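Every value quoted in this text rests on a predicted model; they were computed, and no experiment measured them. Side chains are part of it too, since the values below use all heavy atoms of this structure and drop only hydrogens, waters and symmetry mates.
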Amino acid sequence: MCKDCGCSVGHTHETGAHSHEHLHTHADGTVHSHAHMHEAGIDHEHDAHDHVHANVAISDAKTIEVMSKILSANDEEAAHNRAHFDEDKILCLNLMSSPGSGKTTLLETTIKSGKFKIGVIEGDLETNRDADRIIKAGAQAHQISTGETCHLDAFMVHEGLHHIDTKNLDLVFIENVGNLVCPAAFDVGAHLNVVLLSVPEGSDKIAKYPVIFRRADCVVITKTALLPHFDFDMDEVVREVHKLNPKADVIALDSKSGEGVEKWLKFLQYKKEFR
């Protein structure tokens, strides 16, 4: 189980026991789960099963209470981060996507355009590879190695800001841990959420992972040079994004070839000037 967000890692089998998981979907689209163990040979009907569910209900209520406190504290810290960006007149963007969608490559291209002074907070489970790439491209960067944590939170970002000189920056990017689920639950203090979707991932991901795309201010379709080689429906992406969030921008580009990158840069300039 993820120590921060409670993501289940699946069923366990030990000495004939197994866990059984229940998923609950709330009105806002968020999902949480609870699990209870079944021992081999136990009759799960009637009173025995009812007793297990009573314990689960108590456990589930405690989990919700703890998560509410965690998210409340996180939201307070996120507001503090935003106030810091506002004071320095910085636009902050939270980049989210699955691993390998091209977040770091897009950042390298943005930095090398020379249009903005940029700082980047990088989030990965291990290594400094992405921060090294950002520094080589010409921007400030600080790497946060999260270990077993599958997302960044506002406290991690606040700590990272102590390692970046934000004075005179135009933009700060938070490159979140590659994950289409958990990062959506944690406000990190950014002004805008940008979700990347690469062509090889498929156009069906919008409908499959609606929570993160519902919270996107902009969806960037990456690796468009590969469109001739994949069954990717751009119209479906635009339709599904606007079904979830009618105000979200959709930008298609290829960071390597440069196709569509100018539209991305103009988006950043507009949001910087008129936020």
Side-chain angles (χ1 to χ4, degrees), residues 91-120 122 124 129-139 141 169-176 178-180 183 190-209 212-275:
L91 176 67
C92 180
L93 301 97
N94 179 25
L95 298 188
M96 299 180 286
S97 75
S98 59
S101 66
K103 295 189 298 296
T104 310
T105 303
L106 177 60
L107 286 175
E108 289 174 318
T109 300
T110 305
I111 293 163
K112 291 176 182 178
S113 73
K115 293 183 178 295
F116 309 99
K117 296 178 181 178
I118 295 173
V120 181
E122 290 284 350
D124 278 305
R129 294 182 181 182
D130 286 352
D132 291 342
R133 287 173 59 183
I134 295 302
I135 293 169
K136 185 177 180 180
L169 289 182
D170 299 309
L171 307 173
V172 167
F173 286 96
I174 299 166
E175 184 175 349
N176 222 308
N179 184 344
L180 277 179
H191 297 107
L192 297 173
N193 290 320
V194 178
V195 182
L196 276 63
L197 175 68
S198 67
V199 167
E201 292 175 79
S203 50
D204 61 342
K205 296 302 179 291
I206 310 289
K208 288 183 176 181
Y209 298 89
I212 198 165
F213 289 100
R214 184 179 292 118
R215 297 182 181 179
D217 298 290
C218 179
V219 175
V220 178
I221 311 304
T222 61
K223 306 184 182 182
T224 55
L226 297 175
L227 280 169
H229 308 288
F230 289 88
D231 185 17
F232 188 94
D233 188 337
M234 194 70 72
D235 291 336
E236 178 187 4
V237 168
V238 174
R239 182 174 63 252
E240 292 296 331
V241 167
H242 287 159
K243 184 188 300 182
L244 296 170
N245 187 350
K247 295 182 179 180
D249 290 285
V250 179
I251 300 173
L253 57 79
D254 191 278
S255 298
K256 291 290 188 179
S257 70
E259 179 185 5
V261 169
E262 189 60 32
K263 185 176 180 180
W264 163 248
L265 297 175
K266 288 181 178 178
F267 167 82
L268 295 176
Q269 187 64 50
Y270 177 82
K271 293 297 183 180
K272 167 66 177 169
E273 292 180 1
F274 298 103
R275 67 177 177 84

Do the side chains of [Y] and [X] get nearer than 4.5 Å, heavy atoms only?
X	Y	result
Asn94	Val194	no
Leu95	Asn176	no
Ile251	Ile221	no
Lys103	Leu106	no
Asp124	Asp130	yes

Check [X] against [Y] and note the closest heavy-atom contact, atom names and distance.
X	Y	value
Asn179	Pro99	N-CD, 4.2 Å
Val250	His242	CG2-NE2, 4.2 Å
Glu240	Ala207	OE1-CB, 4.1 Å
Pro200	Leu226	CG-CD1, 3.7 Å
Ala141	Ile134	CB-CG2, 3.6 Å
Val241	Ala248	CG1-CB, 3.9 Å

Under the side chain to side chain donor-acceptor pair (under 3.5 Å) rule, collect the residues that match up with Thr222, sequence neighbours excluded.
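Applying side chain to side chain donor-acceptor pair (under 3.5 Å) to Thr222 gives none.
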Do any N or O atoms from the side chain of Ser101 and from the backbone of Ser97 form a donor-acceptor pair under 3.5 angstrom?
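Not confirmed, Ser101 side chain does not pair with Ser97 backbone.
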Thr110 backbone acceptor or donor facing Ser113 side chain under 3.5 Å:
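It does hold such a pair.
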Between Cys92 and Ile174, does the side-chain contact (heavy atoms from CB on, under 4.5 Å) criterion hold? Intermediate values first, please.
CA-CA 7 Å; Cys92 180; Ile174 299 166; 3.5 Å; yes
If the plane angle is over 60° it's perpendicular, under 30° parallel, otherwise tilted; pick one for Tyr270 and Phe274.
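Tyr270 vs Phe274 ring planes: tilted.
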Checking side-chain polar atoms at under 3.5 Å, does Arg129 have a donor or acceptor matched by the opposite partner on Thr104?
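Side-chain D/A pair, Arg129 to Thr104: absent.
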Testing the 3.5 Å rule here: is there a donor-acceptor pair between the side chains of Asp217 and Asn193?
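Not at all, the side chains of Asp217 and Asn193 share no donor-acceptor pair under 3.5 Å.
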For atom OH of Tyr209, decide whether the heavy atoms of other residues, nucleotides or ligands shown that lie under 6.0 angstrom number more than 12.
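Open.
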Euclidean distance, [Y] [atom2] relative to [X] [atom1], rounded to 0.5 Å:
X	Y	atom1	atom2	result
Phe213	Lys205	CZ	NZ	9.0 Å
Leu268	Phe116	CG	CZ	5.0 Å
Leu265	Lys115	CG	NZ	6.0 Å
Leu253	Lys256	CG	NZ	13.0 Å
Arg133	Ile111	CZ	CD1	10.0 Å
Leu244	Arg215	CG	CZ	12.0 Å

Test applied, side-chain hydrogen bond (donor to acceptor under 3.5 Å, both in side chains); reference residue, Gln269; option that passes from Glu273, Lys266, Lys271, Lys272
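Testing Gln269 for a side-chain hydrogen bond (donor to acceptor under 3.5 Å, both in side chains) against Glu273, Lys266, Lys271, Lys272 leaves exactly one candidate, Glu273.
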Tell me, which pairs form a side chain to side chain donor-acceptor pair (under 3.5 Å) where one or both residues lie in residues 194-203, sequence neighbours left out?
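Passing the test, one end in residues 194-203: Ser98-Glu201, Ser198-Glu201, Ser203-Glu236.
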Matching residue for Leu171 among Leu107, Leu91, Val120 - test: side-chain contact (heavy atoms from CB on, under 4.5 Å):
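Result: among Leu107, Leu91, Val120, Leu91 is the only option passing the side-chain contact (heavy atoms from CB on, under 4.5 Å) with Leu171.
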Do Val220 and Val195 pass the side-chain contact (heavy atoms from CB on, under 4.5 Å) test, and can you show the C-alpha distance, the side-chain angles, and the key distance before you say yes or no?
CA-CA 6 Å; Val220 178; Val195 182; over 6 Å; no
Kindly write out the residues that satisfy side-chain contact (heavy atoms from CB on, under 4.5 Å) with Lys117, not counting sequence neighbours, or none if the list is empty.
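By the side-chain contact (heavy atoms from CB on, under 4.5 Å) rule, Lys117 matches Leu169, Asp170.
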